[in-house]
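Below is one structure, written out as structure tokens; comments come after it.
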Amino acid sequence: MTYDFDLFVIGAGSGGVRAARFAAGYGARVAVAESRYLGGTCVNVGCVPKKLLVYGAHFAEDFEQAQSFGWSMGKANFDWTTLITNKNREIERLNGIYRNLLVNSGVTLLEGHAKILDEHSVELGGNRFSAKHILIATGGWPQIPEVPGHEHAIGSNEVFFLPQLPKRVLVIGGGYIAVEFASIFNGLGAQTSLLYRGELFLRGFDSAVRKHLQEELTKRGVDLQFNSDIARIDKQADGSLHATLKDGRRIETDCIFYATGRRPMLDNLGLENTHVALDDRGFIKVDEQYQTSTPSILAVGDVIGRVQLTPVALAEGMAVARRLFKPDEYREVDYRMIPTAVFSLPNIGTVGLSEEQAKEEGYSVSVYESRFRPMKLTLTDSQERTLMKLVVDAKTDRVIGCHMVGPEAGEIVQGLAVAIKAGATKQIFDDTIGVHPTAAEEFVTMRTPVAS
Ligand code: FAD
């Protein structure tokens, strides 16, 4: 049987583009279908525009702190429209780069919604295409709880295109996206509250990190309300919103942004025409090699709901391309020790196990912790403090967790992740000479374990 393509990829996001380009590079005939935007969530409504907004928000404190270094300036003004226009221009540039990357690597780009017709066929724009393998890389979609009045709230797809900066914002959620946007809105000057139904945000992160960030956000004026949830939303005649909480309290605001999780994007994908099974959370079920219950159909990225991060989708996409078209170079994706950052202000950087996870997994741990005022702030009134923490397996001396809250935490932890993945012991950290004067040197100078 001859097919139109060796691989038909649905979704030109992080995972899909990586799989398509590598497969084409290995000589396969590849098509990729995209219904919305090249580059997917990360480029258009995720990592990239979010980081640009975080940079924008950080200037508020830069201007303030500059005065302690002798700079004087007039009153700083912020213009939301300029930031969003420039951000949109950059995203368009990246969309163009993605288009060139695909086309130049020989991939056939099909713009439109793809629907699977059977285990080897896909329909797009009234045309039927056949393929030996189909890869589902359709990503996720924001999930907004259906409380009465939820249509007045926005999700992460809309937040990047707000016509103006709201004066007051209510961010709902306890995950990293909620925390990041609370920092963005607060930094840009909106009166910001974050509501989360749990005890403390960022479940799964080290508890010292969670508490430290709680203190830092509070110092910066973010109103944190835990154990709180919205029961209903009412729009007022003047356009403002009233959020009635489950405990009866009412909050007036101008914008309610739900960052309460993402569901897999399976809309009108045609899974009913296949034997592709879902797991109990509704994500596509795959084996270790990303094969679904229909052998010719594979899936990677957010749609399989493993670790919903761009570098993980990239690694999975690459693994699929190799497995299908360059098996001698195939390597399984290693899900251990994945470093991540939260681009809150201040940032979080983390790799490996939290102290709590390490103990749950049966490790006997030594914990090293340092809290200090960053040198750059010593001339200023800022009371921001940095936290650094190492979790060490007391039996083997291996560093199994590394956590930081402070400026450039993501940049610092990326480097340390290599050492930790390579199995570095605390002794190796101690034997490493610091770079002075930096904040990062603190990671190689912590000598005395703290009582955990
Ligand atoms: P996506 O990138 O979502 O791509 C899926 C693509 O498939 C989309 O372009 C979609 O239009 C297309 N599609 C869907 N259905 C069809 C169809 N039937 N036919 C044709 N096309 C279809 N990750 C990080 O690592 N770091 C971060 O800082 C970070 N920040 C984030 C911030 C936000 C606000 C959000 C929402 C996410 C963030 N992420 C971050 C997560 C990251 O964006 C995702 O993990 C990543 O994009 C997943 O890649 P993917 O290939 O699985 O799916």
Side-chain angles (χ1 to χ4, degrees), residues 8-21 31-54 91 94-95 98 102 109-117 122-125 129 134-143 154-161 171 173 175-182 184 257-271 283-284 286 290 298-318 320 338-344 347-350 410 414:
F8 192 107
V9 180
I10 307 180
S14 308
V17 168
R18 180 55 67 95
R21 284 179 52 215
V32 61
E34 174 52 53
S35 59
R36 290 174 75 87
Y37 28 45
L38 295 174
T41 303
C42 181
V43 168
N44 294 278
V45 287
C47 339
V48 175
K50 183 247 340 245
K51 188 87 187 276
L52 294 173
L53 298 195
V54 172
I91 303 305
L94 295 175
N95 295 147
Y98 270 80
L102 285 169
L109 175 60
L110 301 166
E111 286 175 83
H113 180 91
K115 180 171 181 177
I116 301 173
L117 299 176
V122 178
E123 186 271 333
L124 186 146
F129 299 94
I134 297 170
L135 175 64
I136 303 173
T138 51
W141 200 249
Q143 203 160 27
I154 59 165
S156 62
N157 287 341
E158 294 78 33
V159 74
F160 292 106
F161 301 97
V171 178
Y176 76 96
I177 296 173
V179 170
E180 291 173 336
F181 272 91
I184 290 169
F257 166 44
Y258 272 95
T260 38
R262 291 170 67 75
R263 64 172 173 89
M265 175 37 94
L266 305 174
D267 298 0
N268 196 23
L269 187 59
L271 288 191
F283 291 88
I284 292 182
V286 290
Y290 309 102
L298 302 105
V300 293
D302 283 8
V303 79
I304 65 169
R306 280 197 183 161
V307 182
Q308 298 184 39
L309 291 171
T310 277
V312 176
L314 296 176
E316 292 171 349
M318 200 143 82
V320 163
I338 295 174
T340 58
V342 178
F343 296 101
S344 45
N347 293 180
I348 295 175
T350 180
Q414 175 68 85

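Whatever order the structure lists them in is the order used to number ligands and atoms, beginning at 1. One-based numbering along the sequence shown.
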Other residues, nucleotides and ligands only: do more than 12 of their heavy atoms fall within 6.0 Å of CD on Glu123? yes

Is the shortest side-chain heavy-atom distance between Ile116 and Ile136 below 4.5 Å?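 Ile116 reaches Ile136 side chain to side chain.
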
Give me the atom names and distance for the closest heavy-atom approach of Gly301 to Glu316.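 Here Gly301 and Glu316 meet closest at N-OE1, 2.8 Å.
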
What's the shortest heavy-atom distance between Asp267 and Arg263, and which atoms?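 It is OD1-NH1, 3.0 Å.
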
Return yes if some donor-acceptor pair links the side-chain N/O of Gln308 with the main-chain N/O of Gly305 below 3.5 Å, else return no. no

Would you check ligand 1 and list the protein residues that come within less than 4.0 Å of it by any heavy atom, ordered by chain and number?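 Shell around ligand 1 (4.0 Å, heavy atoms): Ile10, Gly11, Gly13, Ser14, Gly15, Ala33, Glu34, Ser35, Arg36, Tyr37, Gly40, Thr41, Cys42, Val45, Gly46, Cys47, Lys50, Gly112, His113, Ala114, Ala137, Thr138, Gly139, Ser156, Tyr176, Ile177, Arg262, Met265, Leu269, Gly301, Asp302, Gln308, Leu309, Thr310, Pro311, Ala313, Phe343.
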
Starting from the C-alpha separation in whole Å, work towards a yes-or-no answer on side chain to side chain contact (heavy atoms under 4.5 Å, CB included) for Asn157 and Trp141. CA-CA 8 Å; Asn157 287 341; Trp141 200 249; 3.2 Å; yes

